[in-house]
Amino acid sequence: GCGICVHKCPFNAITIVNLPEELEEGCVHRYGVNSFVLYRLPVVKDGMVVGILGPNGTGKTTAVKVLSGQIVPNLCGYNDSWDAVIKAFRGNELQNYFEKLKNRQIKPVVKPQYVDLIPKAVKGKVRDLLKRADEEGRFDEVIRELELENVLDRDIKHLSGGELQRVAIAAAILRNAHFYFFDEPSSYLDIKQRLKVARIIRHLADSGKAVLTVEHDLAVLDYLSDVIHVVYGKPGAYGIFSQPKGTRNGINEFLRGYLKDENVRFRPQEIRFTKSSERKSQEGEILVEYPRLVKDYGGFRLEAEPGILYMGEVVSIVGPNGIGKTTFVKMLAGVEKPTEGEVDWELKVSYKPQYIKVDYEGTVYDLLSKINAGKLLNSFYKTELLNPLGVPDLYDKQVNELSGGELQRVAITAALIRDADLYLLDEPSAYLDVEQRLAVSRAIRHLMEKEGKTALVVEHDVLMIDYISDRLMVFEGEPGKHGKALPPTGMREGMNRFLAGVGITFRRDPDTGRPRANKENSVKDREQKEMGEYYYVA
Ligand code: ADP
Ligand code: ADP
Ligand code: MG
């Protein structure tokens, strides 16, 4: 047997009803005596994209290591042979797969999660790297599809996060393999790039390859996958892959916090999206009217039209990478001085930058209690912000030793517990898993509603944008050259303007109200484009 059982609820919210005997059979790998345990594996099927949805630390990467042959799973005993694995999976769809893997008839290719580590491992020009990967003579095609023409002659160490991501995806796609795994392909990409990458990965499956992907942007996962597995359990302790589920139904069950076939509730509350096409928009008192602002960096110029922000509202900022979103937020935060126009207000502003610097010596608790000790004890903040983001578990850790996702949660918390009139959050979802993104979204909404404060949030995750926003601010222009910030508008108007530029339409799921991207050229896609309704339809 497996040595650890799932008798006790790790969270008070969890009830695991179907119990250990069944699970122990599915025990795939245990790292050590008191270490992480993985139960069950995802399916792998030629011609299909299998999506994986679940929190960090529940064994997604471990499963991929097993499926790509990097780990011989010990089956939670003393096994180290593929033959035993094949025997253990007799009758399972994976039996055949493991046989082929053992006989080296399957070649796996992995696009790693942390693309920012690539420059440490690979040196040289992008062109050389990708030429080496090109096993099927598809170089020109893939470069064009991923819009990498302009970076081919650059050194890998000079690429931005979004460029590294696309180079890594290109390097995987160029190889001729049987099994492709994409670990978080949307990180650092804007919405247009995310859906484009999703389409490219889909084509791979359409050409008969087996594809597995972990993705935390639910709109992308939805668009990308044929079936999904939800992974649940206790991060760091154990993880269980659910049965494969239809993508739509699987994501809906995840949002409800309840897996029907497994009879498992893993979150006390469900996440629902407001179906009404517009929220309150412009009901509150005016917080501030900001003037026309220009920032000219020489190579890049941003012009922001004047606009109004209201009290108690959340305004999301959307637009491609390199269009000036961060520049705008920095001007409002007083970090960058506008070239034209002036930000001379009496407002108190709290700012979470896109790139978080860690120069703090001390624990998370020290840091947060210096900012606002009172709010750490406040029960509203505890239930709405601190507990859902798992911040108390981080209190004793050194700030400079936090992982990317931990640091992001601490930075968001630090920004939100400050007393301020205006909260500026630049890309809060980066490095966060789906559950954490939902928790951050709820926290932002509830805090602004309760306190009557205003938040401006730069974001690419469409479900987050939909969940938190009262209004939208759209940035247009030519990335890297010039950008224009339009004034905040209602969601419908803003989304139509934004998505028309991107060329993608969304419908709403009838059960959960969540936005779903329409497949390109589907009946709905064509109808909605004709009507000019890119986002809100009945
Ligand atoms: P995910 O991809 O879902 O974030 P991982 O599969 O990377 O999860 O990790 C699951 C758990 O296994 C984590 O708690 C991690 O610390 C632990 N783990 C990963 N690799 C090892 C290892 N080689 N030895 C011991 N524990 C490990
Ligand atoms: P976004 O947040 O929309 O991705 P940014 O505001 O970060 O865009 O950047 C817009 C453009 O301005 C980019 O081309 C970037 O390289 C450039 N830029 C940003 N900061 C500076 C700076 N301090 N000096 C020169 N150029 C800059
Ligand atoms: Mg930015």
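We count ligands from 1, going down the list as the structure has it; atoms in each ligand are counted the same way. In what follows, every heavy atom counts, from backbone to side chain, and hydrogens, waters and symmetry copies are set aside.
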Peer 1: Run down the list P55, G54, G57 and name the one with the heavy atom closest to atom 4 (O) of ligand 1.
Peer 2: G57

Peer 1: Only heavy atoms count here, so choose which of V329, L302, D296, T327 is nearest to atom 5 (P) of ligand 2.
Peer 2: T327

Peer 1: With backbone taken as N, CA, C and O and side chain as the heavy atoms from C-beta onward, which portion of P320 lies under 4.0 Å from ligand 2: side chain, backbone, both, or neither?
Peer 2: backbone

Peer 1: Consider only side-chain N and O atoms of T363 and Q398, and report whether a donor and an acceptor are under 3.5 Å apart.
Peer 2: no

Peer 1: When only distance counts, is K325 in polar contact with ligand 2, meaning an N/O pair under 3.5 Å?
Peer 2: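 For ligand 2, there is an N or O atom that lies under 3.5 Å from one belonging to K325.
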
Peer 1: S35 near ligand 1, heavy-atom distance under 4.0 Å?
Peer 2: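 Contact absent.
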
Peer 1: Suppose we only count N/O/S atoms under 2.8 Å; would T326 qualify as near the Mg ion (ligand 3)?
Peer 2: yes

Peer 1: Go through the side-chain N and O atoms of T62 and Y31 and say whether any donor and acceptor fall under 3.5 Å apart.
Peer 2: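 Yes, side-chain donor-acceptor contact under 3.5 Å.
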
Peer 1: Would you please say whether a donor-acceptor pair under 3.5 Å links the side chains of S316 and E459?
Peer 2: no

Peer 1: Does the protein place any heavy atom closer than 4.0 Å to atom 22 (C) of ligand 2?
Peer 2: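 Yes; the ligand atom in question has protein heavy-atom contact below 4.0 Å.
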
Peer 1: What residue and heavy atom of the protein are closest to atom 27 (C) of ligand 2, and at what distance?
Peer 2: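 Looking only at protein heavy atoms, the one closest to atom 27 (C) of ligand 2 is Y297 CD1, 3.4 Å.
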
Peer 1: Within the protein, is there a heavy atom lying under 4.0 Å from atom 16 (O) of ligand 2?
Peer 2: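 Flag for atom 16 (O) of ligand 2 set to false, no protein heavy atom closer than 4.0 Å.
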
Peer 1: Suppose we only count N/O/S atoms under 2.8 Å; would Q354 qualify as near the Mg ion (ligand 3)?
Peer 2: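 Coordinating: yes.
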
Peer 1: Under 3.5 Å, is there a donor-acceptor pair between the E215 and Y223 side chains?
Peer 2: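 E215 vs Y223: no donor-acceptor pair found between side chains.
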
Peer 1: Can a side-chain donor-acceptor contact be found between S68 and Q70 if the only test is distance below 3.5 angstrom?
Peer 2: yes

Peer 1: Keeping the roles fixed (side chain from H229, backbone from S242), state whether a donor-acceptor pair exists under 3.5 Å.
Peer 2: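 Here the side-chain-to-backbone pair exists.
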
